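What follows is a short report on a single structure.
All values reported here derive from a predicted model rather than from experimental measurement. Excluded from the calculations below are hydrogen atoms, water molecules and symmetry mates; all remaining heavy atoms, backbone and side chain alike, are included.
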Amino acid sequence: MVIPKCAARPDCTREHGLELLYQMIRIRRFEEKCAELYSRGKIRGFLHLYIGEEGVAVGALAALDEDDAIVATYREHGQALVRGIPAGEIMAEMYGKANGCSRGRGGSMHLFDARRRFFGGNAIVGGGLPMAVGLALADKLQKRERATVCIFGDGAVAEGAFHESLNLAALWKLPVLFLCENNLYAMGTAIERHQSQTDIAQKGANYGIPAEAVDGMDVLAVEQVSRLALDGVRSGAGPFLLEARTYRFRAHSMYDAELYRSKDEVEQWKRRDPIAFLTARLREAHQLSDGELAALESRVAAEIDEAVAVAEGGPWEPLADLTKDVYTPQSTVGAGITQATRASRNAVSQPQVTP
Amino acid sequence: MTKMTYREAVRAGLREALQNDPQVFLMGEDVGRYGGSYACSKGFLDEFGPERIRDTPLSENSFMGAGIGAALGGMRPIVEIMTVNFSLLALDQVVNNAAALRHMSGGQVSVPLVVRMATGGGRQLAAQHSHSLEGWYAHVPGIKVVAPATIADARTMLGLALREPDPVFIFEHAMLYPQEGEFDETTPPSGLEGAAIRRPGRDVTLVTYGGSLGKCLAAAETLAPTGVACEVIDLRSLRPLDMDTVLQSVAKTHRAVIVDEGWRTGSLAGEISAQIMERGFYDLDAPVARVCSVEVPIPYAKHLEDAALPQPERIVSTIQELLASHD
């Protein structure tokens with residue numbers, strides 16, 4: 001049997017190309033629904049949409065194995081969805097419900113799923129990088145061949161934590177893929193106004209870290225270079241810095257009047273929409289029919305309707321549980337050092353909470 | 001009974017932890033080749049190797065965060081921050097990750113991390129190297145904060161901290177490292193939490209911890225011949241606070257003086273005072289008094305530094321004023 005190749009990249013199957021398209025559409029429609037629910041008051045707090053940047057999450061996460069870890073930012077709905085956290089649990093978290101993936105304690109910015117090794121949802125810019133270094137250190141010390149992918153924006157590159165973490169990971173040859181989603185703005189400050197060196201991939205050289213820049217609007221390219229990078233990372237070569245050049249089509253958050261960039265610039269970038277780009281390439285090659293695309297959209301629509309229903313129907317955390325989980329319950333603590341550490345380790349690998 | 005210094009006690013505790021659990025490793029500035037800036041890990045690099053005794057770059061924020069990540073990944077890291085002064089560079093990781101991750105994730109993860117650091121003034125190191133900021137740490141829910149003041153606690157608290165599933169911060173007062181004392185290996189260690197009465201008395205309760213314990217005991221000794229019997233309470237744990245022990249003592253003595261090397265405004269002493277007011281108001285015969293650091297950046301010159309920090313003489317005069325004005 002000849003497996004049909006994906007028109008856009010010879011080394012990938014048509015089926016895989018369609019899967020990537022499906023994942024990007026899932027994120028796009030999910031977030032469009034979030035924006036709608038935000039304006040209806042169902043979702044509150046900060047809400048940072050990923051629309052326009054889907055190719056990065058979908059491409060990079062397609063290259064991950066199940067036991068790899070992910071450390072993400074506050075703009076992480078896309079990564080959480082692709083990683084397999086059920087859309088209903090994510091939506092319920094946005095609602096602040098107890099059946100949310102973080103029991104309503106985190107909201108949009110703090111999606112967690114320890115079972116899927118998804119370690120947030122970190123809302124201090126640059127704050128996730130040191131933690132990713134530690135997760136990778138634990139893997140190295142325990143001789144596990146797995147990688148940690150640490151996602152951050154171009155804004156984080158100005159933080160000391162970026163430089164400290166790259167140095168530490170390189171010094172100790174740790175298996176981290178540092179993935180910079182360069183959307184050209186640190187909130188409202190353009191990269192030219194916050195970086196003396198705007199070529200972020202160049203910064204890897206300071207630490208002896210191999211680096212690459214990739215077109216973040218091309219999901220297939222992102223996946224391909226992520227795979228190559230992760231091969232090296234997992235083989236013990238040390239960290240890799242990947243800069244995905246992308247653009248967010250929506251405002252920074254729901255409060256942003258977008259005074260810092262022109263409509264014209266946004267329109268220019270929308271012409272490079274990652275979903276439209278892959279759709280066009282698949283269609284040119286006659287690998288995606290109108291009917292298939294419609295079926296895909298309705299599959300996504302059904303999933304999102306279901307997610308909203310899960311969130312709407314979810315319970316509120318009882319007020320009596322407000323201070324629950326500030327500390328780990330003593331019942332999980334053993335009598336001796338070894339038992340206790342085993343208990344806390346189990347708490348990580350087998351989370352006690354199954355929402 | 002074994003005679004040892006506080007430094008030797010800390011070192012013995014660390015060594016035992018490294019011997020007992022292969023998941024335990026020590027990470028910090030100069031913990032390896034240098035042997036620890038207070039010599040608490042001297043010889044460990046040879047004994048345990050560079051994988052477990054990890055010298056770090058001067059990157060407090062990232063190696064604190066790496067400790068958190070390693071704990072999430074199943075290790076049992078001990079992070080040494082050379083002194084509390086440098087820990088300010090790591091506060092983001094402490095407050096936003098170590099303390100918050102469990103609750104913020106809906107209870108999915110624990111962060112079994114132990115962090116040790118030296119604290120306190122008294123060595124003419126001036127404003128940037130004399131901080132006592134453990135009270136700041138004790139402000140943050142999600143972590144535990146302890147301050148070993150005795151040889152026995154210096155020897156055993158690390159092992160107890162390693163039994164905790166959540167982050168524990170151990171503050172070792174720098175003036176204590178050379179102090180000598182006895183350690184009785186046959187006495188089982190007290191728990192990590194819970195205050196201890198270091199000297200019983202009936203006239204006034206002195207509430208203190210860490211480097212100020214010795215000063216309180218000295219003040220009590222000075223006052224004893226004058227017929228004033230001080231009860232000295234060593235808090236041991238600053239978060240959680242064992243207020244029951246404090247309140248039981250106040251119910252007996254009806255007077256309390258809190259001695260805390262932190263600055264007075266917004267201090268741990270202020271918190272303890274408030275709790276005595278809230279729960280023990282009718283037991284008091286006099287207002288609660290506080291002996292804290294004077295609100296200046298700690299100065300270099302010896303006479304100025306001495307005047308800025310709590311001293312036995314100031315504790316004595318505070319107690320005497322309290323007894324004289326509300327007899």
Less than 4.5 Å to any heavy atom of chain A: does that hold for the side chain of [X], its backbone, both, or neither?
X        : result
B:Phe25  : side chain
B:Asp92  : side chain
B:Met64  : neither
B:Ile143 : backbone
B:Glu51  : both

(request) For chain B, find its close neighbours in residues 128-138 of chain A: heavy-atom separation under 4.5 Å, sorted by number, or none. (result) A:Pro130, A:Met131, A:Val133, A:Gly134, A:Leu135, A:Leu137, A:Ala138
(request) Taking heavy atoms only and a threshold strictly under 4.5 Å, list by residue number the residues of residues 145-169 of chain A that touch chain B; give 'none' if the list is empty. (result)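 Listed by number: A:Ala161, A:Glu164, A:Ser165, A:Asn167, A:Leu168.
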(message) Between B:Arg76 (side chain only) and B:Pro112 (backbone N and O only), is there a donor and an acceptor less than 3.5 Å apart?
(response)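 Yes; at least one donor-acceptor contact below 3.5 Å.
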(request) Could you check which of B:Arg54, B:Lys144, B:Gln93 has the highest count of heavy-atom pairs closer than 4.5 Å to chain A? (result)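 Highest number of heavy-atom pairs under 4.5 Å: B:Arg54.
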(message) Before you tell me yes or no, could you show the steps for A:Glu317 and A:Arg105 under salt bridge (Lys or Arg N to Asp or Glu O under 4.0 Å), namely the whole-Å CA-CA distance, both residues' side-chain angles and the distance that decides it to 0.1 Å?
(response) CA-CA 9 Å; A:Glu317 184 85 328; A:Arg105 272 86 178 275; 3.1 Å; yes
(request) Return yes when atom CD of B:Gln128 has more than 12 non-hydrogen atoms of other residues, nucleotides or ligands closer than 6.0 Å, and no otherwise. (result) no
(request) Please state whether the rings of B:Phe171 and B:Phe169 are parallel, tilted or perpendicular, taking 30° and 60° as the class boundaries. (result)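 B:Phe171 and B:Phe169: parallel rings.
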(request) Evaluate the side chain to side chain contact (heavy atoms under 4.5 Å, CB included) criterion for residues A:Cys101 and A:Phe118: first the C-alpha distance (whole Å), next the side-chain angles of each, then the deciding distance (0.1 Å), finally the verdict. (result) CA-CA 11 Å; A:Cys101 59; A:Phe118 193 87; over 6 Å; no
(request) Assert yes or no for the condition that the ring centre distance of B:Phe86 to B:His129 is strictly below 6.0 Å. (result)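 Close enough - the centres of the two rings lie under 6.0 Å apart.
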(message) Taking the basic N atoms (NZ, or NE/NH1/NH2) and the acidic carboxylate oxygens, is any pair closer than 4.0 Å for A:Asp325 and A:Arg103?
(response) no
